[in-house]
Protein chains: 2
Amino acid sequence: MTLNEKITRNGFRLTAPRKKILSILAIQQQPISFDEYTLLDPTIDKSTFYRTMQSFESVRIINGIESDTGKRYFELTETIHPHFICQHCHSIVCLPSQPPIALQGYSIESVIYKGVCPQCLK
Amino acid sequence: MTLNEKITRNGFRLTAPRKKILSILAIQQQPISFDEYTLLDPTIDKSTFYRTMQSFESVRIINGIESDTGKRYFELTETIHPHFICQHCHSIVCLPSQPPIALQGYSIESVIYKGVCPQCLK
DNA sequence: ATTTTAATGCAACTTAGTTGCAATAAACCT
DNA sequence: AGGTTTATTGCAACTAAGTTGCATTAAAAT
């Protein structure tokens with residue numbers, strides 16, 4: 001199922017702002033915040049952006065990550081992978097996929113590690 | 001090193017609001033938010049609470065966790081353990097301690113799993 | 001006991017994200 | 001294709017969480 005099918009089959013309309021959001025998120029190496037997104041697409045409206053994130057999160061097109069800066073970061077959920085948040089420089093890094101963790105009774109969808117990144121440890 | 005020593009040796013003063021915060025956090029089963037804290041101690045001032053969290057986080061007396069509700073949750077860092085955040089009911093659960101994860105070059109201080117909890121899966 | 005200075009408590013502020021609503025435009029239907 | 005329906009947009013106003021400035025208070029050092 002392509003991304004566009006995922007959208008239309010879930011009853012969402014494929015609009016211009018949504019296409020742009022998806023095309024921009026598709027080329028990111030890390031999750032990005034609304035602030036970072038507006039630098040790449042200054043025409044976007046705040047509420048359109050956040051509403052799109054909510055809609056697409058609800059059908060697992062997008063994955064949101066809470067930073068310790070009080071902002072949310074977003075990425076496409078193409079390949080599931082863990083993330084690392086540096087508590088010193090607050091960067092969010094995608095980590096290589098790892099074998100899924102099993103936890104009796106729980107459905108685990110993502111993993112976040114917090115700590116200090118190699119650069120900040122120096 | 002006791003908790004009080006940890007506080008005074010880091011140059012912090014052992015004040016009445018701080019003692020109360022610590023005594024209340026000490027008897028929690030899960031991390032709590034400012035809202036939840038005020039129910040247990042209605043005399044606390046918002047800025048005193050948050051400033052205490054910041055100070056004590058900086059010296060690892062307290063561990064903060066970002067929920068997907070846009071709130072931060074706090075707990076004492078006595079025993080390090082992972083947490084689970086349910087994306088459906090937004091509860092935060094302490095999980096039993098697990099063998100530490102190694103990640104080349106990184107210092108990992110905590111792990112958060114996100115997904116759906118057993119109750120919500122039913 | 002006095003002095004020093006960190007911490008408190010209040011009010012005002014900031015910032016991220018949400019909401020209401022009229023206008024717009026996908027997608028559906030002959 | 002043209003008309004209709006209804007989801008989505010874009011704007012402004014709002015909310016909620018957390019922060020900041022500052023005068024006052026009280027730990028702790030002398």
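Sequence lines set the chain letters: A, B, ... in the order given, protein chains first and strands last, and positions in each chain run from 1.
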Q) Within a radius of less than 6.0 Å around NE2 of A:His88, do more than 12 heavy atoms belonging to other residues, nucleotides or ligands occur? A) no

Q. C:dC10, D:dA28, D:dT8: which one has an atom nearest the side-chain heavy atoms of A:Arg13?
A. D:dT8

Q) What is the distance from OH of A:Tyr37 to P of C:dA16, rounded to the nearest Å? A) 18 Å

Q | Note: B:Asp68-B:Lys114 ion pair, threshold 4.0 Å (strictly below) | A | no

Q: Mind telling me whether B:Phe49 and B:Phe74 have parallel, tilted or perpendicular rings, with 30° and 60° as the class edges?
A: perpendicular

Q) Under a 4.0 Å N-O cut-off, is there an ion pair linking A:Arg60 with A:Glu109? A) yes

Q) So, A:Glu36 and A:Lys71, do they make that salt bridge, N to O below 4.0 Å? A) no

Q: For the side chain of B:Phe12, starting at C-beta, report the closest nucleotide among D:dG10, C:dA7, C:dT18.
A: C:dA7

(Q) On DNA chain D, compare the nucleotides closest to A:Thr52 and B:Arg72; which residue's is nearer the 5' end? (A) A:Thr52

Q. Looking only at N and O atoms, is any donor in the side chain of A:Arg51 or the base of C:dG17 less than 3.5 Å from an acceptor on the other one?
A. no

Q) Which angle, rounded to 10°, do you find between the first-five-pair axis and the last-five-pair axis of the helix from C:dA1-D:dT30 to C:dT30-D:dA1? A) 50°

Q. Within the structure, does a side-chain N or O atom of A:Arg18 lie under 4.0 Å from either OP1 or OP2 of D:dT9?
A. yes

Q) How close or far is atom P of C:dA16 from atom CD of A:Glu36, stated in whole angstroms? A) 11 Å

Q) For A:Thr2, does its backbone N or O pair with a side-chain atom of A:Glu5 as donor and acceptor, under 3.5 Å? A) yes

Q: Round to a whole Å and report the spacing from NZ of A:Lys20 to C1' of D:dT9.
A: 15 Å

**Q.** Donor-acceptor pair under 3.5 Å, B:Lys71 side chain vs D:dG18 base
**A.** no

Q) What's the closest nucleotide to the A:Ser47 side chain, out of D:dT19, C:dC10, C:dT19? A) C:dT19

Q. With respect to the side chain of B:Thr15, which nucleotide from C:dC10, D:dG18, C:dA7 is positioned closest?
A. C:dA7

**Q.** Residue whose closest nucleotide on DNA chain D lies nearer the 5' end, B:Ala16 versus B:Asp35
**A.** B:Asp35

Q) Please give, in whole Å, the distance from D:dA17 P to B:Phe74 CZ? A) 12 Å

Q. A:Met53 has an atom CE; how far is it from atom C1' of D:dT8, in whole Å?
A. 14 Å

Q) Okay, side chain of A:Thr77, backbone of A:Ile61: is any donor-acceptor separation there less than 3.5 Å? A) yes

Q) A:Tyr50 side chain N/O closer than 4.0 Å to the phosphate oxygens (OP1, OP2) of C:dT18? A) no

Q | d(CD1, B:Ile44; C1', C:dT8) in whole Å | A | 9 Å

Q. Taking atom C1' of D:dG10 as reference, at what distance in whole Å does atom CG of A:Asp41 sit?
A. 13 Å

Q) Separation of B:Lys46 atom NZ from C:dC13 atom C1', in whole Å? A) 10 Å

(Q) I'd like to know whether A:Tyr113 forms a side chain to side chain contact (heavy atoms under 4.5 Å, CB included) with B:Ser110, so could you lay out the CA-CA distance, the side-chain angles of the two residues, the decisive distance to 0.1 Å, and finally the verdict. (A) CA-CA 6 Å; A:Tyr113 298 103; B:Ser110 61; over 6 Å; no

